Each structure stands twice: as C-alpha cells, then as structure tokens.
Amino acid sequence: MRYSQLLLPTLKETPAEAEIASHQLLLRAGFIRKLTAGVYAYLPLGLRTLRKIEAIVRQEMNRAGAQELLLPMVQPADLWKESGRWEKYGPELLRFVDRHQRESCLGPTHEEVITDLVRMNVHSYKDLPLNLYQIQTKFRDEIRPRFGLMRGREFVMKDGYSFDASEAAAGVTYNKMKETYSRIFARCGLSCRAVEADTGTIGGNFSHEFMVLAATGEDTIVVCTACDYAANMEKAACPAPALTAAKPAPLELERIATPGKKTVDEVTTFLGITPDQLVKTMIYLADGKPVAALVRGDHEVQPVKLKNLMGAVDVELASEDTVRKVCGLAPGSLGPMGLTMPVVADHQVMAMANMVTGANQDGVHLKNVNQGRDFPVALAGDLRMATAADPCPHCHGRLELPRGIEVGHIFKLGTSYSEALQATFLDDQGKRQPFVMGCYGIGVSRCIAAAIEQNHDDNGIIFPLPIAPFQVILLSLSVKDAEVTKAADTLYEELMKRGIETLYDDRNERPGIKFKDADLIGIPLRVMVGKRFIEAGEVEIKHRGSGATEALPMAGAADALAAMLDRLMAGATKG
RNA sequence: CGGGACGUGGCUCAGUCUGGUAGAGCACAGCGUUCGGGACGCUGGGGUCGGAGGUUCGAAUCCUCUCGUCCCGACCA
C-alpha cells in the first residue's frame, strides 16, 4: 500500500478526550475515530490489525474443532423472556420496539439465540459435542464507556458456545478452550494470565478470565508469586484462619465516647488501637432486604462474595438514607449489637475476641464486644477482598495484586440455559437430556487496546509482529531524487511480490515527518532508502521495538527481509 | 444514576471573572527556499463561539433551560 493513497490521518497533538496510552495512540496513529460515546469507526490501519487478530482467533478456534457461524444482532424479546434475562439484564441491554410494536433488543451476547438455534436443529447425542462461534459486533449500553476501544458500547467480540452430552464431556471442552485461549493470546503477542473468576450475569458455575497485565487495567487480580494460583478480586479466596490458640476470654463490655470519629482511621487513632482490633459494620441491601456485613477494620467487603454467600440475586451497598432508615443513625458508629437485620460475618471476624465496634449511637463505640455473647451471627464465610498481606490459598505463598485488562472469559454454563429454553437431546438410552453448555468470549477490539497498553513508548505504538497492520514500512527519504525513487519503487515491488505486507511511504515529505509517523503507527520493521545509503548500494533497517539498526545490501534486500520476518514471526509468540 | 470538569476553525488552546463587533500555534491551499528525527518565509481559505430562550444599545462573555463530551464511584469482553 502506498502511503500517499492511504487514509491515515495522524495527529501531532494528543486529543483532549483521550486519557490512557492506547486511546491516545489509536487516535494519533489514525487507527480509529469516535462517532459518539463508546462508538468508533475503524480506519484502514485499525481494521487491518482487527482483522489480524480475528484471523488468529479463527485459526485457533477452527483447529480446536469449533465451527464459525454468524448470528443475528437484533433479537426478539420473547427469547430473552424465556431465559428470564429480559428482566434480569439491566439497562445495559438496549431495548426497542419495531414498527409492529414488537419488543426487541440489540444482542449484547448470544446465549439465547444459539440455544434456540441448537434446540431447533440438534436432537441426538450423536451430533455432540458441538462447538459454535462467531465474530461479531456487540452492543452493550455501558453506563460509562471509556478509554477508547477498552470499553466501548459497540465492540467486536468472538463469542463461542459449546454443547456437550455430559458434565464430563463439557469439562473436556472447557479445558480445550482454555488451552486454545492461551494459544490465541500468545500468538497475538500478549502477555496474559488466566485467572479464576466469578460467573456474573452470564450465569453458570465455573469460569476463568484471561487478563493482560497492564497498569491501566480496569481490574485488580490476585496472583501467587510461588504457585500458579490466580483469581480476580470477586473470586480470590480468603479462607478461614487456622485457630492456633484458644480465643482470649471475653472481657466486660465497655461504652466509650468517640465524638465525631467515624472512619476506621479516626476511631483507631483516637482509641490507640490497630485496625485489626476493630470491626466494620457495612449495611447492604440483598435483593432489597437489609443485611449487616462484618469485616475487620483493615479489610474491605467484597460484594460479589456477599451476594454468593447470601444466595442473593443482587447485592448493593445501602445509601446513607437507607442506613438511617434501617439503623436509626448514619454510618460512622454502626455495630452489630442490637440490630434487627441478619448479621453476616467474615471468617476473620469470627476469629476475633473483644473487638471494638460501633454502638449504634452517634459518637459512641463499644469495647470488648464478642460474637455469640453480644450478638448473633446468621451466616459466616468469606466476605472480604483479598489483600497483599494474605497468604496464597493454595500454597501459602506471597500474593501480588497487579492490574489487568480482561481480554477473554470462559464459562462452564452447565444446563441453566438449556433447561430454561428446554433445549434437549436424546441420549444413548433414548432419554431426554438438557445440553451441557459452555460459553467463551474474546474482546477482539479490546485486544488492540491491550496490545498497545503493553507495547508502546514515548514515540508511539510498538506492535507485536503478528498483529501489526503492516509488517514493513518502507520509507523513501528523498522522493524528488530519481535514483532513490527508482530504488524504493523496485524494492516495494519486490516486497509485494513476496507477499510481504508493506506500507510504502512515498509521500513528498521531509524525512523527519516520515520517521515520526513510522514510529507512531508502530510497524515492526522500518526499511529506509535514502541518498546516504544508496551510494554504498545499501538500504537501512530499523527495528521499532529495539531501535537497533542495520544495513543490508540493496541487491537481495527483499529476500533478506523475507527471511528476517520469518525468523521474527517464529519468535513472536509470547511464552 | 450521583460527584467534578469542559464545550471557541480539522487538532491543541487563549479570550469568559471585569459584555464593545472573534485570536494564536499546528493542520489545510498556493509560491519560494529547505530536505536523515515533526523546517522557514510570504500569501490565502476556513469559525451558527454546542443549541434554544432571556437580560442589554450591544452577549463567546451575564441569567435560565437543554444537548453533548471527558474524569471519579455501582457492570463487563
């Protein structure tokens, strides 16, 4: 492709709307342009990289025995009502009515549609297993789209769905997909980690997220430095502490005035105690009913864990007004004693004795509070966020809490959808069984952003070779010089003949501009034809990543570059 | 949905407090000089100051409403 004919509007200055590197660089390098909040147009370069990732995904999915299809984006409400998600899925589901007043929605995901398709067309265990996928634009009306391609409302996703005859067979499929995903991300040049995850709104019972480690990631994950344990915050287990010694005997309850001291910091400083001697009482609404969640002062409640422990559908932190209504005072001096609502406690709280809590009276706290004697606990379990101070739940090794970008998510769905939609087959006994399902997503467009977050410098993007929009950028450094132009034209043709994806910068621009643009758009291999080298019968090569330069003889340069690319491609996969 | 910020040529922004008839740099077009890390000179085109209403002799500037964008908190690929 000749640069002079390409729509590639690079920007010298950073648009004010972009905050993080990938968003800034995607705009500056002319990959994307925003149409409206969370909705982007892909320009030629952006599309090329998108297509490269898609191609890798296709190859690996096909290799794993999955089949590609394409499902509708517009979906009827009836199907969603059948699965129960028309009510459950929030305002993120973009709903509308058509001219016949039929309720419809834009597909944010396709469990209903695929299950419907399979129930209509697959009836026997002999047709299983079945693994189907599509690469398609999804729409989710996100509350807050942000960071460019990182969290758009419209985005490109690969979603796959598997149908098996048994739990055991579904497990095999799940593991195969897990391996496939690792291979896909490695081939994209992404350094990625599979972490255990909660199943969220998709439902089901087992799941892994694939996280690209990056400081700008939206999620915090928990990884062990000693073993391969990794989980997201919603899932990272904080097991009950081993009781090494008997609890100290309960002391006499004391009331202490703590005027104006509300936060854990204020109260512990005022009382001269440490946060692990205090218990925080957090009021949540579980399916609309108040519940008091107890965690140690130095811990934070993890709402999803609370939700799961309660067996609730929805859990949210109560507003200050709600707290006033159900407790009779604002947060700041809350405590478990005398509350009428159920009290649930974290493991660590159960291990405490003679704790400090609020007295449910403004400006008053209680000392020597003891579970059992002073208040009942309805439910105890793992309620809190893991911290770097916790040991690994598997090997007791040291944990780290890096940030990550979720690029893939796989779920074992079980039979929740097939039962809701009555999608069944006859097994080898002639018995009707629901399909055992799995579902597998990859944020294809998000992968572009993730790759840039992980691979850039002050000058621009540094694309991993397998997903770079072009493999080579050929710069003619002096378009007006007939000799240089002829040499560059010839080399361009030679490269094209060998199928090397080359962007030929034939613009009548000064060399500085071409260097800057080449760095910005991040093409791995830069080949320069200029007066300085042409006199020696050479072209100059510069590697975008390392910055290393080398000279190649003009004669045979195309072959040498082809060989170089083969070598680089072979080494590009992240281990 | 709550909290904060912003909206002025394609981009980055000044001008708004203290009303007086719209600016700069970059980009774009032309000419000339330049030509291996975002050159320089001259000339030129381009703006409903997000929109509507109001106050005023006069509004980018003050008031009201509205739309949009971005950032921080509850969702997810």
Side-chain angles (χ1 to χ4, degrees), chain A residues 9-20 23 27-28 30 33-38 57 89-93 108-109 135-160 181 197-202 207 209-212 218-219 232 234 284-285 303-304 307 314-321 404-411 439-450 459-460 475-481 484 508-520 526 528-534 540 542 547 549:
Chain A
T10 58
L11 266 25
K12 197 182 289 189
E13 285 170 293
T14 302
E17 68 188 38
E19 195 79 358
I20 64 169
H23 189 192
L27 289 169
R28 283 192 55 209
R33 285 293 182 267
K34 186 179 71 179
L35 181 62
T36 181
V57 169
Y89 221 104
E92 208 172 290
L93 180 65
T109 176
I135 296 174
Q136 193 209 32
T137 298
K138 296 276 190 278
F139 192 91
R140 295 183 187 173
D141 201 356
E142 295 278 350
I143 296 165
R144 189 148 86 87
R146 58 179 154 180
F147 300 153
L149 294 189
M150 196 79 93
R151 177 176 298 278
R153 295 150 79 210
E154 190 176 292
F155 59 99
V156 177
M157 180 175 174
K158 188 286 297 181
D159 51 327
Y181 270 41
D198 190 75
T199 49
T201 44
I202 305 274
S207 143
E209 288 174 346
F210 288 79
M211 309 292 293
V212 166
E218 291 184 281
D219 303 297
N232 69 10
E234 296 170 354
Y284 278 81
L285 292 175
V304 172
K307 184 184 88 175
D314 180 59
V315 156
E316 60 173 336
L317 188 62
S319 67
E320 197 173 317
D321 285 349
I405 302 163
E406 183 185 359
V407 289
H409 202 159
I410 59 177
F411 301 82
C439 113
Y440 317 95
I442 289 180
V444 179
S445 42
R446 182 183 279 181
C447 281
I448 304 175
N459 292 317
L475 307 188
S476 170
L477 295 179
S478 185
V479 174
K480 285 185 186 153
D481 184 299
V484 168
N508 181 17
E509 293 288 356
R510 301 160 61 83
I513 289 179
K514 299 193 176 190
F515 293 146
K516 288 292 185 188
D517 275 334
D519 283 350
L520 180 61
R526 184 165 105 196
M528 290 157 286
V529 179
K531 276 188 216 161
R532 190 183 289 177
F533 280 73
I534 214 165
E540 190 186 10
K542 183 163 185 176
T549 59

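Lettering of chains follows the sequences in order, A, B, ..., and the numbering in each one begins at 1. Model, not experiment: these values are computed from the prediction.
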Test for a donor-acceptor pair under 3.5 Å between the base of [N] and the side chain of [X], counting only N and O atoms.
X	N	answer
A:Asn459	B:rG37	no
A:Arg144	B:rC75	no
A:Lys542	B:rG36	no

How would you label the contact of [X] with the nucleic acid (heavy atoms, under 4.0 Å): base, sugar-phosphate, or nothing?
X	result
A:Gly530	base
A:Ala16	sugar-phosphate
A:Ser445	nothing
A:Glu316	nothing

Are A:Phe155 and B:rA77 stacked, counting the six-membered base ring, centres under 5.5 Å, planes under 30°? yes
Regarding A:Arg532 and A:Glu540, does a basic nitrogen lie under 4.0 Å from an acidic carboxylate oxygen? no
Go nucleotide by nucleotide along RNA chain B from the 5' end; which of A:Ala18 and A:Arg446 gets its closest nucleotide reached first? A:Ala18
Give me, pair by pair, the N or O atoms of the protein and of nucleotides 24-31 of chain B that are less than 3.5 Å apart, along with how far apart they are.
{"unit_1": "B:rG25", "atom_1": "N2", "unit_2": "A:Glu13", "atom_2": "OE1", "d": "3.0"}

Which residues pass the salt bridge (Lys or Arg N to Asp or Glu O under 4.0 Å) test with A:Arg153, not counting sequence neighbours?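 Once residues adjacent in sequence are excluded, the partners of A:Arg153 under the salt bridge (Lys or Arg N to Asp or Glu O under 4.0 Å) criterion are A:Asp141.
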So does A:Thr36 get a side-chain nitrogen or oxygen closer than 4.0 Å to the phosphate oxygens (OP1/OP2) of B:rU69? yes
